[in-house]
Amino acid sequence: MVGGSSERATTPAPAVPLVEMTGVDKSFPGVRALIGAQFDLRPGEVHALMGENGAGKSTLMKVLSGVYSRDAGVVKLDGVPVEITSPRQAQDAGISIIHQELALMRDLTAAQNIFIGREPRRFGILDEGQLNRDAAAIFASMNLKLEPTVKVDTLTIAKQQMVEIAKALSYRSRVLIMDEPTAALNDAEIAELFAIIVRLKAEGVGVVYISHKMDEIKRISDRVTVMRDGEYVGTVPAADTSIETIISMMVGRTLSNETLAIPNTANAPVALEVKNLRRGREIRDVSFSVRQGEILGFAGLMGAGRTEVARAIFGADRKEGGEIWVHGKRVGISTPRDAVEKGIGYLSEDRKLFGLATGLDVRNNIALASLDRFTGPGGVLDEAGMEQAAKEAIRQLAIKTPSDTQEARLLSGGNQQKVVIAKWLLRDCDILIFDEPTRGIDVGAKSEIYKLLNNLAAQGKAIIVISSELPEILRLSHRIAVMCEGRLTGVLPGGSSQEDIMRLATMRETAMELRHAG
Amino acid sequence: MTDTTAPGQKTGIRISGAFHRLLAFSGLIALVVVFSLASPNFMQTQNILAILQATSVNGVLAIAATLVIITGGIDLSVGTLMTFCAVIAGVILTYWGLPLPLGVIGAILAGTVVGFTSGTIIAKLKVPPFIATLGMMLIMKGLSLVISGTRPIYFNDTPGFTQISLGSMVGSVIPGLPIPNGVLILFAVALLAAFILGKTALGRYTFALGSNEEAVRLSGVNVDRWKIAVYALAGSICGVAGLLIASRLNSAQPALGQGYELDAIAAVVIGGTSLSGGRGTVLGTLIGALIISVLANGLRILSVAQEWQTVVTGCIIILAVYADILRRRKL
């Protein structure tokens, strides 16, 4: 059943597509997420939507499913213009979205999840028997072997996904949007999922398939639409288009930003070396090194394991094996405190959650990692010294804040980021790990952060930058480490092409096997 | 606040912050004014001193609770821990016949050790604070009864003991102003706690933990150590409360204590400390504790039944928190 071209039945283009979106604009403060985007979906087709992180795929689908309202453009269902303003409305119109993070109630049964809010009743009392019969009927139609009464949290991720699909079908959905559905599935489970998708196609359901995985796209989809920077790039038939063509459509942007002068650091001493770091499936035998004054970029798709590596090095999460060497000496790091003592600072991708004590003021956030140094006799804090240090940092990093006693949460994203940087600089950290340093920061502040990172490198700091934006990686890095599914698939020199990076970033083990087989 | 420039926001914070502190304080003033007008007996020196004396135990306990609550935790064991410390003082002074200072040190030390234990259970074993201190509350209640043989321990052999709370050093200097020592101790504890919260690294980490514990951990701070320190400090303050109540009753009453934790938490909340952590003041808690005792005292003077006092206190708690929510919504 699975494998080969049997999964891809050619669909003749009907006169009226299920969904037709044209000229869709959507802006968020500081970001134009969609610029004249377009997309169409025919009944009984799997239409892959591709693009780098931030290309606008998810935003476009959130417009379709009523999560976001569009600023401009036309959305037609069955050729009729519609206004979808809420997820509920989308559901009533037959549009369902299966999110990357499954939205199930873990302690309820499969059947209870499917019919939540629509439970069949008899004399005002929940009719559990009817509920389970209805769910069983849907499972049967999917050819899925699953007990309606099983609790969802005892199911594998793959089975939970099936429950989500069953839920979508229970709404008689004709449009099914799947966002990275195979991210957590193994090959057998993927085959099972694809079998169900093929069955849905046969019933005339249109499937929007968002994925980064080239081999899957080739296997399951009829057409591929590529987006880049919020714009529509083009739509091609999946069968007749090479992976290389699709990748070049995805990354085909010319770098408008000036590339910064990259000094040669090849002979500088190694500041941080990681050997054979591992933890389960998330980190598989990762080894690399960073020199003083060097910026090492970490590229990869979402879930490739870059943040996991960073947090394991920093001692924020445990590791199962591997060595960490700092300035030529092997060190044991099991808590963030150990890492900080060795001069390693980590700037988390989620500042609000992990980086910043938002209720504290700027001064205390800057001093947070160095309070022991500002503690005088009797445990009394040297408030004047902290003020001086904070003001110095505010001046040096040009942090825009009315004063050092401003609450940190009131600063803009870029300035919050600078506060966290100031915290580590005050602590004398000379190995700095930046995880998505410009996420949620507007364009102007981004280039300021870039300059700051370059200055820090010029001062001899060893810097690791994890970023999902390839232009950012290419602009900043002396060398680029690329990860895929927990493995370091390669380290490229600074001037490498986006195609090279994407190839390493999608170098799945299964994909490689397929290539060997074919 | 239509202009969203940063300087404008700053003054906005200041004003509303002051407004809220003012709110609890003006509530207290309003209560005092109302009761003064309603009864001539209210605004008497004796009555005011009685109110302060009545506040001392709950005030000290509430300060202990404040420290823990600012970290984002909760301490349900403050009431029965207070009793446990009183019983320990009884054992040392009455059973063993040791001198007064040893009893004082023993009670405070007992509180510290128990607080340290709670903190360790919470920080190291990752038991949620609510559960850990609920367990500790029952353990302390039980141990107090076991150690004392369920009978009160009297301090008749330690003549100076009642002076801890009831004596008046101020009164011996200024005869017209017999402020009881218990009240002085309350203020001393409040000053010390305010100093620690405002001026020391421990205090700074207390707020930082409640604001964003993960950020503190990722800053390389030994989060566990500081958290344990806060619970230990709160425990030692409960020891002080144990001495105060035993001194006032001239006995350690082992069956007493449960329920005090809720009065303490009520004072903390009325005083504007956020139960979700990161925000709070000792001064606010003092005002909160005073509001509760003024209310109890005033209503008693007006011959309102005790049952109704409880109802009114409940309403005040809800109103105080609702006022805080309104303030935050405006921000």
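Values below: all heavy atoms of this structure, side chains included; hydrogens, waters and symmetry mates excluded.
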Completion exercise
Looking only at A/Val340, A/Val380, A/Asp372, the option with the highest number of non-hydrogen pairs under 4.5 Å against chain B is A/Val380
Practice task
Please report the shortest heavy-atom distance between B/Asn212 and A/Leu356, naming the atom on each side.
Solution key: ND2-O, 2.7 Å
Exercise for the section: Verify the neighbour count for atom CE of A/Met105: are there more than 12 heavy atoms of other residues, nucleotides or ligands below 6.0 Å? Expected result: yes
Problem - Donor-acceptor pair, side chain of B/Arg217 and main chain of A/Pro336, under 3.5 angstrom - result: no
Exercise for the section: Enter the distance from B/Arg204:CZ to A/Met386:CE here, rounded to the nearest 0.5 Å. Expected result: 4.5 Å
Exercise for the section: Could you look at A/Thr335 and say if it's the side chain, the backbone, both or neither that has a heavy atom under 4.5 Å from chain B? Expected result: neither
Practice task
Decide if atom CZ of B/Phe116 counts as having more than 12 heavy atoms of other residues, nucleotides or ligands within a radius under 6.0 Å.
Solution key: no
Completion exercise
One should read off an interatomic distance between B/Arg279 CZ and A/Leu360 CG, to the nearest 0.5 angstrom, of 13.0 Å
Problem - Nearest non-hydrogen partners of A/Leu368 and B/Tyr205, listed with the distance - result: O-OH, 3.8 Å
Exercise for the section: Examine whether an atom of A/Ala316 lies under 4.5 Å from a heavy atom of chain B, and if so say whether it belongs to the side chain, the backbone or both; otherwise answer neither. Expected result: both
Practice task
Kindly check if the number of other-residue, nucleotide or ligand heavy atoms within 6.0 Å of CD (A/Gln388) is above 12?
Solution key: no
Exercise for the section: Could I get the full list of salt bridge (Lys or Arg N to Asp or Glu O under 4.0 Å) partners for A/Glu387, not counting sequence neighbours? Expected result: A/Arg363, A/Lys391
Practice task
Check B/Leu218 against A/Arg311 and note the closest heavy-atom contact, atom names and distance.
Solution key: CD1-NH1, 4.2 Å
Exercise for the section: Kindly give the heavy-atom pair with the smallest separation between B/Ser219 and A/Ala369, and that separation in Å. Expected result: O-CB, 3.3 Å
Exercise for the section: Might you point out which heavy atoms bring A/Leu381 and B/Ala201 nearest each other, and give the distance in Å? Expected result: CG-N, 3.4 Å
Exercise for the section: With chain A as the partner chain, list the residues of residues 227-244 of chain B whose heavy atoms fall under 4.5 Å from it, by residue number, and write 'none' if nothing qualifies. Expected result: none
Completion exercise
With chain A, the option among B/Gly198, B/Gly278, B/Ser211 that has the most non-hydrogen atom pairs under 4.5 Å is B/Ser211
